[in-house]
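First comes the structure, then the notes that go with it.
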Amino acid sequence: MKLKINRQEITFYGLQVAAWLVFLMVPAISAFITTHSWSSSLQAFNINARIHGISAAIYFLNSFLLIPFGYYRNRRWLFWLGNALILAYQVFIFFFLFDQETFLSRVPDAHYRQYALSSYYASSLVAVFMSALLAGIALLAHHVYRSQSIKRQLKEEQQKRTEAELEWLKNQLNPHFLFNTLNNISSLVQIDADKAQDAIAQLSDLLRYAMYETNKKTVPISGEVEFMRNYIALMKLRCSEKTVVNCQLSIANSPLTIAPLLFISLIENAFKHGVSNNRDSMVRINMDTDGRQLTFSCRNTNYPKDEQNRSGSGIGLENTRRRLQLLYPNRYTWQQGIDDQNIYYVQITIQL
């Protein structure tokens with residue numbers, strides 16, 4: 001079986017090794033600073049390594065073997081059994097193989113023998129407890145690492161899903177926009193062929209922008225404004241003399257960037273549901289910037305389509321709101337409704 005180790009795992013294990021090396025080297029460094037002797041420093045390292053070498057071995061046995069290949073591989077019994085054997089081995093060495101008479105014979109003062117014996121058993125119990133504690137620390141380190149790794153993976157997956165959904169929404173928008181624009185030009189051909197030719201040229205510019213510029217996450221707001229003006233000009237071609245279209249897109253050479261084709265559905269909606277051929281109609285579109293705040297508003301007379309003519313109704317608005325949620329979470333406001341004069345309005349404010 002091949003082991004796959006990523007960069008995060010290398011960093012995780014490397015930090016543990018580095019921490020233990022620093023811990024083992026502290027007495028040697030202190031001895032060298034005090035004595036300026038390499039031999040004293042080496043001796044201090046050897047003593048510290050003999051004292052804590054077993055502890056380091058227990059820690060790394062858990063961190064490199066028992067935890068990753070036992071505890072987190074649905075073989076937790078291997079983790080518990082391994083540590084139980086380690087503790088049993090220590091108890092056996094410290095207590096059952098312990099020669100009490102030999103130990104006491106090395107204490108010259110009989111008055112201190114009982115204290116020395118108590119100290120030995122106490123230190124042995126501490127050593128056993130530390131072994132269990134080291135296994136717990138290693139498990140805690142792995143748990144923290146895995147929790148962070150899972151959070152990072154979830155964030156990456158969420159980002160991928162968001163990008164895929166945004167791409168789907170934009171792909172859904174472009175054909176919808178093209179379909180309605182072609183319908184406008186088709187109607188114009190029967191009325192004025194020259195204007196239809198000019199409209200086709202404008203449509204060519206729009207398609208060029210939609211194909212080559214909107215592949216980016218954001219576009220200069222100046223290019224988006226020019227696109228919107230051309231689009232509104234095409235939509236006005238179908239309007240009668242009873243329709244008043246007022247368009248004020250003031251950006252004052254703003255260097256800001258914005259997601260492409262964000263407001264086109266709202267403009268399309270205004271012409272589709274706000275314009276009547278035989279009644280007075282009004283469409284008013286405004287956009288301006290103040291620092292990094294952009295405000296877009298669209299107002300139109302309210303002539304909703306009947307049930308037999310509601311193709312695509314609501315799709316554009318839903319897509320726009322969803323794109324705002326994905327692109328500018330907690331950075332936009334949406335106001336929508338119908339006022340007392342039966343004027344439909346929508347206003348969006350975005351912190352870019």
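When all heavy atoms are compared, the tightest approach of Arg279 to Tyr303 is NH2-CD2, 3.3 Å. Contact between Ile54 and Gln90 at its shortest, heavy atoms only, is CG2-NE2, 4.4 Å. Across every non-hydrogen atom of Ile348 and Leu266, the tightest pair is CD1-CD1, 3.4 Å.
The side chain to side chain contact (heavy atoms under 4.5 Å, CB included) test with Phe263 singles out one residue from Val346, Leu294, Leu249, Val225, and that residue is Leu294. For the ring pair (Phe, Tyr, Trp, His ring centres under 6.0 Å) test with His142, the passing option among Tyr59, Phe64, Tyr13 is Tyr13; the others fail.
Here the side chain of Arg323 pairs no donor or acceptor atom with the backbone of Tyr328 at under 3.5 angstrom. In terms of modelled atom types and a separation under 3.5 Å, the side chain of Thr301 and the main chain of Ile343 share no donor-acceptor contact. Using a distance-only test at 3.5 Å, with no hydrogens or angles considered, a donor-acceptor pair links the side chain of Thr35 to the main chain of Ser37. At least one donor-acceptor pair under 3.5 Å links the side chain of Ser147 to the backbone N or O of His143. Panel note: side chain Arg284, backbone Asn246; no donor-acceptor pair is recorded below 3.5 Å. For the pair Ser41 (side chain) and Ala31 (backbone), a donor-acceptor distance under 3.5 Å is absent. A distance-only check finds a donor-acceptor pair linking the side chain of Asn46 to the backbone of Leu42 [under 3.5 Å].
Atom CG of Asn342 has more than 12 neighbouring heavy atoms from other residues, nucleotides or ligands inside a 6.0 Å radius. For Tyr72, the OH atom is densely surrounded, since the number of other residues' heavy atoms within 6.0 Å is greater than 12. Trp80 CH2: 12 or fewer foreign heavy atoms inside a 6.0 Å radius.
Shown here are the salt bridge (charged side-chain N to carboxylate O under 4.0 Å, His left out) partners of Arg299, two or more places apart in sequence or in another chain: Asp339.
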